[in-house]
Number of protein chains: 2
Amino acid sequence: MKLKNEQVVIDGIDKKILRSLISDARTPILEIARNVGISGAAIHQRLRKLEKSGLIAGSKFVINPKVLGYHTMAFIGVFLDKAMSNPKAVKQLEAIPEVIECHYTTGNWSIFLKILCRDNSHLMEVLNKEIQAISGVSRTETFISLEQQIERQIKI
Amino acid sequence: MKLKNEQVVIDGIDKKILRSLISDARTPILEIARNVGISGAAIHQRLRKLEKSGLIAGSKFVINPKVLGYHTMAFIGVFLDKAMSNPKAVKQLEAIPEVIECHYTTGNWSIFLKILCRDNSHLMEVLNKEIQAISGVSRTETFISLEQQIERQIKI
DNA sequence: CGTGAAAGCAAGTAGCT
DNA sequence: AGCTACTTGCTTTCACG
């Protein structure tokens, strides 16, 4: 039996299907079928196979945060006290909605965050009142993203 | 006339619509309509309004890179020579498919990257043969993501 | 903003090649 | 794996409150 997260082989047709749906998750299957040159039922079958393989993690609408007034993206390296259990800190970070990514990383920091705030003063507030308030956080280093130039997924 | 990227106000119904579609871009409009308690046509109108406002940046299928054998995510701070024009460097970074994000940032680095590789030796290769090969790149600092704990969008 | 109706397509299943 | 045929359900538009 095939396990999820095992490596999977996909052919050119699968790639075309995935590329369509990666660029627009609502592309009709029949439209893909027309472009690829096989029937809708065949595309459907392939999609079920791709889903079962675990390759397709899901689908999302993507929101433009600037339109909601969120203009400041920043990366934050977090130093934790040795005594602090990382999972405990992560749990508290989850409760902060401005934190949109959280990684355990190699290197100086214990934890590395991406956060999204309305502006610099909102960023200051989140840093001082939310993140520094987590017990075990000793110090942080912040890098503001002035402009994001590339944003994409792995090439199919 | 309303410009894109101007701030937009959304009500509770819009939020419900967006939350459905953020968690699954292929949720049928009629299903949302049933959950929200208004007609499909009304949902449709609201969606068109939200699209026109620029709030909805698009929709995507999300691929699980591990299933394709990509197991190593890393962040890279890039130091550029003062003489080097950043946009030139970015252009060359765009040609490296493993680079999935690229930001201009405040702080020590000129440019900050997120990259996705098959394993550590692939990462080494991309660093030494691709990124260091870009003229103007003087030095890099790499942090490997051992595990990603949080991944989400701004809260609606 | 909302509704309901209607036309046209798309999704998903089944049986066959 | 692929196809056609079919059922079911969705999307989209329209005129109207």
Side-chain angles (χ1 to χ4, degrees), chain A residues 1-64 67-69 153 155-156, chain B residues 1-64 67-69 153 155-156:
Chain A
M1 149 116 197
K2 197 174 281 184
L3 292 168
K4 285 194 180 184
N5 286 17
E6 192 179 319
Q7 193 165 342
V8 148
V9 185
I10 59 178
D11 67 10
I13 294 179
D14 290 327
K15 286 184 189 175
K16 284 185 184 176
I17 298 169
L18 290 171
R19 286 200 197 112
S20 297
L21 291 168
I22 286 169
S23 74
D24 179 357
R26 292 187 80 102
T27 315
I29 288 178
L30 289 179
E31 188 183 318
I32 300 170
R34 276 176 238 120
N35 292 334
V36 173
I38 62 177
S39 74
I43 304 277
H44 190 250
Q45 275 176 195
R46 278 171 177 268
L47 269 173
R48 294 216 313 157
K49 193 193 63 188
L50 289 168
E51 266 161 31
K52 239 182 32 198
S53 77
L55 214 200
I56 297 175
S59 72
K60 289 196 202 138
F61 259 51
V62 182
I63 296 305
N64 180 354
V67 177
L68 290 177
Q153 294 193 52
K155 204 187 164 195
I156 300 283
Chain B
M1 148 120 197
K2 196 174 281 184
L3 292 168
K4 284 193 181 185
N5 287 16
E6 192 178 319
Q7 193 164 342
V8 148
V9 184
I10 60 180
D11 68 9
I13 293 179
D14 290 327
K15 285 184 190 176
K16 283 185 184 176
I17 297 170
L18 290 170
R19 285 199 197 113
S20 296
L21 291 168
I22 285 168
S23 75
D24 179 356
R26 293 188 75 102
T27 316
I29 289 178
L30 287 178
E31 190 184 316
I32 300 170
R34 276 176 239 120
N35 292 334
V36 174
I38 62 177
S39 73
I43 304 278
H44 190 251
Q45 271 180 194
R46 280 169 175 268
L47 269 173
R48 295 215 314 157
K49 192 194 64 189
L50 290 169
E51 266 162 32
K52 240 182 31 197
S53 78
L55 214 200
I56 295 175
S59 74
K60 289 197 204 141
F61 260 52
V62 183
I63 297 305
N64 180 354
V67 176
L68 291 177
Q153 296 191 52
K155 205 186 164 195
I156 301 282

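By convention in this document, chain letters (A, B, ...) are assigned in the order of the sequence lines, proteins followed by strands, and residues within each chain are numbered from 1.
- For residues 21-39 of chain B, the set of pairs meeting the salt bridge (Lys or Arg N to Asp or Glu O under 4.0 Å) definition, not counting sequence neighbours, is empty.
- If you check every strand for non-hydrogen atoms under 4.0 Å, I13(B) touches sugar and phosphate atoms only.
- Toward the 5' end of DNA chain C, the nearer of the two residues Q45(A) and P28(A), judged by each one's closest nucleotide, is P28(A).
- Look at R48(B) and you won't find any side-chain N or O under 4.0 angstrom from OP1 or OP2 of dT12(D).
- Contact between the side-chain N/O atoms of R26(A) and the OP1/OP2 oxygens of dA10(C) is not found at any separation under 4.0 Å.
- Using a 4.0 Å heavy-atom criterion, one finds that L30(B) contacts the bases of the nucleic acid, with or without backbone contacts as well.
- Counted within 6.0 Å of NZ on K49(A), heavy atoms from surrounding residues, nucleotides or ligands total more than 12; the atom is thus considered enclosed.
- Applying the side-chain contact (heavy atoms from CB on, under 4.5 Å) test between I156(B) and each of I17(B), I22(B), D14(B) identifies I22(B) as the sole match.
- Taking atom CZ of residue R46(B) and atom P of nucleotide dT11(D), one finds them 17 Å apart after rounding to whole Å.
- The residue among K49(A) and A41(A) whose nearest nucleotide of DNA chain D is located toward the 5' end is K49(A).
- Comparing dG12(C), dT11(D), dC1(C) against the side chain of I29(A) picks out dG12(C) as the nearest.
- Note on E31(A): nothing from the nucleic acid sits closer than 4.0 angstrom, heavy atoms only.
- Residue A42(A) is in sugar-phosphate contact alone, with no base atom involved, counting any heavy-atom pair closer than 4.0 Å across all strands shown.
- We find that CD1 of I38(B) is positioned 8 Å from C1' of dC1(C), with the value rounded to whole Å.
- Using a 4.0 Å cut-off, no side-chain N or O of H44(B) falls inside it from OP1 or OP2 of dT11(D).
- Note: CG (L47(A)) to P (dA1(D)) measures 14 Å, nearest angstrom.
- Between R34(B) and dC10(D), a side-chain N or O to OP1/OP2 separation shorter than 4.0 Å is present.
- With rounding to whole Å, D24(B) atom CG is found 15 Å from dC10(D) atom C1'.
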Steps toward side chain to side chain contact (heavy atoms under 4.5 Å, CB included) verdict (R46(A), I10(A)): CA-CA 10 Å; R46(A) 278 171 177 268; I10(A) 59 178; over 6 Å; no
